[in-house]
Amino acid sequence: MLIRTHNDGLIHPLSSEITSPEAYATRRQLLRQWSAGAAAAGLAGWSQREAIAQSAAVSQAVKLAALPATQSSVQGAMTMEKVTSQKDATTYNNFYEFGVDKSDPARNAHTLKATPWSIEVEGLVKKPTRFNLEDVMKWGAMQERIYRMRCVEGWSMVIPWIGYSMSDLIKRVEPLPGAKYIEFITQVDPQTMPGVRGGYLDWPYIEGLRMDEAMHPLTLLSFGMYGEVLPKQNGAPVRLVVPWKYGFKSGKSIVKIRFVDKQPMVSWAKAAPQEYGFYSNVNPTVDHPRWSQANERRIGEGGLLDKKRKTLMFNGYEAQVGSLYSGMDLVKNF
Ligand code: MTE
């Protein structure tokens with residue numbers, strides 16, 4: 001196993017370095033297939049990877065195609081905590097478009113049509129345009145980042161994501177000076193998303209960030225996890241990951257990014273304004289109206305009755321992001 005140093009001065013191998021030899025051999029085969037089939041070196045076209053992923057899923061050799069990435073040098077991006085098993089991270093999910101039980105997305109999300117995929121950028125930007133995902137994927141260097149994730153429901157995981165800082169996309173599309181917030185609008189398709197027919201939320205699922213939050217280097221536009229492209233239940237082909245906020249701020253299967261001048265109305269605040277605010281920073285001192293937020297259960301660490309761990313302010317990312325909120329009343333702005 002290769003060991004690398006990184007920005008925390010600690011050591012952690014890349015996901016690709018802790019992959020089983022069998023899976024790694026299969027990935028090398030896939031890489032050869034990509035480079036033989038297309039001129040692309042390293043990163044193959046999305047649709048091609050998707051096709052390979054589908055056939056791989058059928059043959060059960062590997063679940064998804066590899067997504068090459070380098071280790072992140074962003075401050076705080078590589079926690080040393082034990083990584084959650086890939087099985088737990090891909091079978092215990094929230095993705096209401098595919099059902100409300102934790103096991104529903106893994107069971108139902110195979111119907112999501114992740115290719116072809118485009119992202120529309122609209123609102124207060126120089127040139128509102130619809131971009132192909134394959135082009136968007138080239139706007140930043142793919143990095144692996146190991147983030148703690150904390151759900152508002154009181155559980156947490158540690159996940160090796162792949163993607164690039166959202167700021168790379170923002171700079172690329174040239175926001176106008178009036179743009180103060182960004183709205184992330186996700187896919188809604190009753191044909192392929194059975195949960196949409198269930199009416200649990202007012203679709204599409206929408207999330208939002210203030211511009212400085214979106215520009216923070218830790219805010220990740222993610223295309224993969226565990227060395228592979230994103231599984232559908234985790235938000236294929238592209239999602240947001242904001243590690244210091246509760247998991248619901250990380251919208252999955254994004255189709256539209258809108259630059260606006262006013263704080264957007266986001267899905268959970270719309271559904272239950274007393275329970276979920278716009279900011280949703282992980283804050284152990286602000287209880288959810290129906291339960292405490294002081295502790296959390298790390299998925300994979302024992303059962304429901306096992307001792308919980310203390311939840312950290314900003315999910316442990318206070319040194320990196322605390323200054324974004326200086327002077328704000330974080331009880332009022334929950
Ligand atoms: N994005 C969409 N489109 N739909 C959803 O229901 N759920 C959110 C968030 N993004 C959700 C979503 C919630 S509540 C959480 S906790 C995280 O996704 C879960 O991400 P994970 O399943 O990859 O852990």
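What you see below is based on every heavy atom in this structure, not just the backbone, and it leaves out hydrogens, waters and symmetry mates.
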Kindly write out the residues that satisfy side-chain hydrogen bond (donor to acceptor under 3.5 Å, both in side chains) with [X], not counting sequence neighbours, or none if the list is empty.
| X | answer |
| --- | --- |
| Glu120 | Arg130 |
| Arg239 | none |
| Tyr96 | none |

Are the side chains of [Y] and [X] in contact, using a 4.5 Å heavy-atom criterion?
| X | Y | answer |
| --- | --- | --- |
| Gln293 | Thr285 | no |
| Val282 | Trp244 | no |
| Phe184 | Leu221 | no |
| Pro237 | Thr115 | no |
| Val238 | Val136 | no |
| Tyr246 | Cys151 | no |
| Glu228 | Pro231 | no |
| Met313 | Glu318 | yes |

I need the minimum non-hydrogen distance between [X] and [Y], along with the two atoms involved.
| X | Y | value |
| --- | --- | --- |
| Thr111 | Thr192 | OG1-O, 2.6 Å |
| Phe95 | Ser253 | CZ-OG, 3.4 Å |
| Pro217 | Ser165 | O-OG, 2.8 Å |
| Asn93 | Asn234 | ND2-ND2, 3.1 Å |

N/O donor-acceptor pair under 3.5 Å between [X] side chain and [Y] backbone:
| X | Y | result |
| --- | --- | --- |
| Thr186 | Gly251 | no |
| Trp203 | Leu201 | yes |
| Ser250 | Val242 | yes |
| Asn108 | Phe98 | yes |
| Trp117 | Ile254 | yes |
| Asn281 | Asn283 | no |
| Thr129 | Phe131 | no |
| Asn132 | Asp135 | no |
| Arg148 | Asn315 | yes |

Taking a hydrophobic cluster as the set of Ile, Leu, Val, Met, Phe, Trp and Tyr residues connected by side-chain heavy atoms closer than 4.5 Å, whether directly or through intermediates, do [X] and [Y] fall within one such cluster?
| X | Y | value |
| --- | --- | --- |
| Val100 | Trp291 | yes |
| Ile170 | Val74 | yes |
| Val158 | Leu312 | no |
| Leu240 | Val260 | yes |
| Phe278 | Ile185 | no |

Inspect the contact between [Y] and [X] and indicate whether a charged nitrogen and a carboxylate oxygen are less than 4.0 angstrom apart.
| X | Y | answer |
| --- | --- | --- |
| Arg172 | Glu174 | no |
| Lys82 | Glu301 | no |
| Glu97 | Lys252 | no |
| Lys249 | Glu207 | yes |

Next on the checklist: Below 30° counts as parallel, above 60° as perpendicular, anything between as tilted: where do the rings of Phe223 and Tyr164 land?
Outcome noted: tilted
Next on the checklist: Can you confirm whether the side chains of Arg145 and Gln71 place a donor and an acceptor under 3.5 Å from each other?
Outcome noted: no
Checklist entry - Does the side chain of Ser103 pick up a donor-acceptor pair with the side chain of Asp101 at under 3.5 Å? => result no
Checklist outcome for this item: Contacts satisfying side chain to side chain donor-acceptor pair (under 3.5 Å) that involve residues 175-184 (not counting sequence neighbours) are Glu183-Arg258
Acceptor/donor pairs from residues 263-274 side chains to any protein atom, 3.5 angstrom cut, sequence neighbours excluded:
from, atom 1, to, atom 2, distance (Å)
Ser267, OG, Ile206, N, 2.7
Trp268, NE1, Tyr205, OH, 3.0
Lys270, NZ, Asp202, OD2, 2.8

Next on the checklist: Working note: Ser156 + Arg298, criterion side-chain hydrogen bond (donor to acceptor under 3.5 Å, both in side chains); need CA distance, chi angles, decisive distance, verdict.
Outcome noted: CA-CA 5 Å; Ser156 61; Arg298 182 63 52 87; 2.8 Å; yes
Item to check | Verdict with reasoning, Arg150 to Glu296, per salt bridge (Lys or Arg N to Asp or Glu O under 4.0 Å) | outcome: CA-CA 8 Å; Arg150 167 52 157 101; Glu296 67 200 55; 3.3 Å; yes
Item to check | Trp161/Tyr226 aromatic ring centres below 6.0 Å | outcome: no
Show every donor-acceptor pair shorter than 3.5 Å between a side-chain atom in residues 208-216 and any protein atom, with sequence neighbours excluded, or say none if there are none.
from, atom 1, to, atom 2, distance (Å)
Arg210, NE, Asp212, OD1, 2.7
Arg210, NH1, Tyr279, OH, 3.3
Arg210, NH2, Asp212, OD1, 3.3
Arg210, NH2, Asp212, OD2, 2.9
Arg210, NH2, Leu324, O, 2.8
Glu213, OE1, Arg210, N, 2.9
Glu213, OE2, Lys245, NZ, 2.7
Glu213, OE2, Tyr325, OH, 2.5
His216, ND1, Leu218, N, 3.0
His216, NE2, Gln320, O, 3.0

Item to check | Full working for side-chain hydrogen bond (donor to acceptor under 3.5 Å, both in side chains) between Ser72 and Gln143 | outcome: CA-CA 5 Å; Ser72 180; Gln143 292 187 347; 2.7 Å; yes
Next on the checklist: Between Gln233 and Arg107, is the side-chain hydrogen bond (donor to acceptor under 3.5 Å, both in side chains) condition met? List the steps.
Outcome noted: CA-CA 8 Å; Gln233 62 269 34; Arg107 199 172 30 244; over 6 Å; no
